[in-house]
Amino acid sequence: MPPRIRLHPRALCVLKSPSHAPIRQTYASLATATTPAFPLDQPLRSAPPIRRYPPTQPPSHKPPEVRKSQLHRQYQSLLKSSPLILLFQHNNIKAVEWMGIRRELASALKKIDAEKVRNGGDAVQDLFANDIRIQVIQTGIFASALRVVEFFDPEEGNGMDGEVLTHGLSRRAYEAASNKKLRVELEPLMSGPLAVIAFPAVSPQYLKAVLSILSPSPEFPAPRRKANPDYHDPLVQAGLQKFMLLGARVEGKVFDLEGTRWVGGIDGGIDGLRAQLVAMLQGAGAGLANTLDSASKSLYFTMEGRRLDMEEKEKGPEPATEEKTE
Amino acid sequence: MITRFLTEVRVKFNPFSPRSKSARLVLTLIPSNARADGMKVESKMLPRDSKEPASLGVKFKDGKEMKLDLDKMRITEVVEEVDRHSRLLARKEELLGN
């Protein structure tokens, strides 16, 4: 029995050798611009992919225009750009009290700025008074942004083919952050009403000022009534009673209250630490030189002692022999 | 939470413990002018590695003291406990006709 399906139907045979017959047009006005048909005998090649979004607006996992998404993005950039973040809890602080706290903080920071300008002309670029401010945050969104910052690595998908989105609102970021097995150290702090103070650099000088205003302790005493009467305004004090320092995130590491105070207590900041290290290394170097020196010195002393000893021995027997010869 | 009858609130917690959430939420339930009206609020923060449970001490206007272990309580349970006595005081006050 012959096969029911013909292997070489006539239609296919015709298509295999396409005839490019010219289209005959009699009237120019009736001419239609025809694009040449896709030649069927050529292998199909995939066309370059068409981008379906403008390059400045890559697709995001959640609708990007809502406030939540924008806050999420903002918190991510805050977490990425500031190495030192203080976390506070605020309990029912009134607007006037907020105003007082913010004013006191700003004036204390301005003072540090002025002091820096007075002390050295070269340190003028490290003035942060205008960048350090209290920001009340949405706790849940901040916690989610923190997870994205900790667990999402934009460089990870570089090897994959196709286009890979690297921004923090992408689906990849969402999936990386929603891994339940990973835990952030700061997670227990992420509940209740929170406020953060972000520093653009780890600067103990400014941290000291902030701590002495917002959570005074024996190490960081609050300004005296005489020095700063505004600080002792009942409104400011009432606000500060409801403002609690919970912890800090310093260059990715988490510190509690004591740790934060320790960071604030580093004299002179990173430069001070460097100076300390240099002093320590110099001390170690001197010690090492001493040690190495002492070995050679002691060897010298030993050898010298031995030489003297030998000389004495040489001298000692000599008279005896002389006596014998005499 | 009925805070009218409280004279003193003492909270102790370790902020880095996930169980201290209710302790922190208790503080948020205190109204903003409570301190000005004579309520004493003390919050003590424990260091990060301490294993001490979070605790709440409350004193009422009639002198009754209450100590709660916040480690295993949710905030609704805490509020319930405190409100039980506060409601009693509220009823007494109402009967006296003030």
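Everything numeric here is computed off the predicted structure, so don't read it as measured data. Just so it is clear: chains get the letters A, B, ... in the order the sequence lines come, proteins before strands, and each one is counted from 1. Every heavy atom of this structure was used, including side-chain atoms; hydrogens, water molecules and symmetry mates were not.
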- Task: Look at A:Ser191, A:Gly192, A:Gly259 and state which one has the largest set of heavy-atom pairs under 4.5 Å with chain B.
- Result: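 Highest number of pairs under 4.5 Å: A:Ser191.
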
Considering only heavy atoms, which portion of [X] lies under 4.5 Å from any heavy atom of chain A: side chain, backbone, both, or neither?
| X | answer |
| --- | --- |
| B:Arg35 | side chain |
| B:Ser17 | backbone |
| B:Ser43 | side chain |

What part of A:Gln241 gets closer than 4.5 Å to chain B, counting heavy atoms only: side chain, backbone, both or neither?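 Contact with chain B is through both the backbone and side chain of A:Gln241.
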
Point to revise | Contacting moiety of A:Leu245, where chain B heavy atoms sit under 4.5 Å | key: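 Contact with chain B involves the backbone of A:Leu245 alone.
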
[X] side chain to [Y] main-chain N or O, any donor-acceptor pair under 3.5 Å?
| X | Y | value |
| --- | --- | --- |
| B:Arg48 | A:Glu258 | no |
| B:Arg24 | A:Gln89 | no |
| A:Asn92 | B:Thr28 | yes |
| A:Lys242 | B:Ser32 | yes |

Are B:Phe16 and A:Val254 side-chain neighbours, meaning at least one heavy-atom pair lies under 4.5 Å?
->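 B:Phe16 reaches A:Val254 side chain to side chain.
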
Rounded to the nearest 0.5 Å, how far does CG of B:Asp49 lie from CG of A:Asp256?
->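 Between A:Asp256 CG and B:Asp49 CG, I get 7.0 Å after rounding to 0.5 Å.
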
Inter-residue atom distance A:Glu97.CD - B:Asn33.CG, 0.5 Å rounding: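 Those atoms lie 9.0 Å apart.
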
*asked:* Is it true that, when you exclude A:Arg103 itself, more than 12 heavy atoms of the residues, nucleotides or ligands shown sit nearer than 6.0 Å to its CZ?
replied: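 Atom CZ in A:Arg103 is crowded, with more than 12 foreign heavy atoms closer than 6.0 Å.
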
Would you say that more than 12 heavy atoms from the other residues, nucleotides or ligands in this model lie under 6.0 Å from the CZ of A:Arg102, or not?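 More than 12 within 6.0 Å, yes.
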
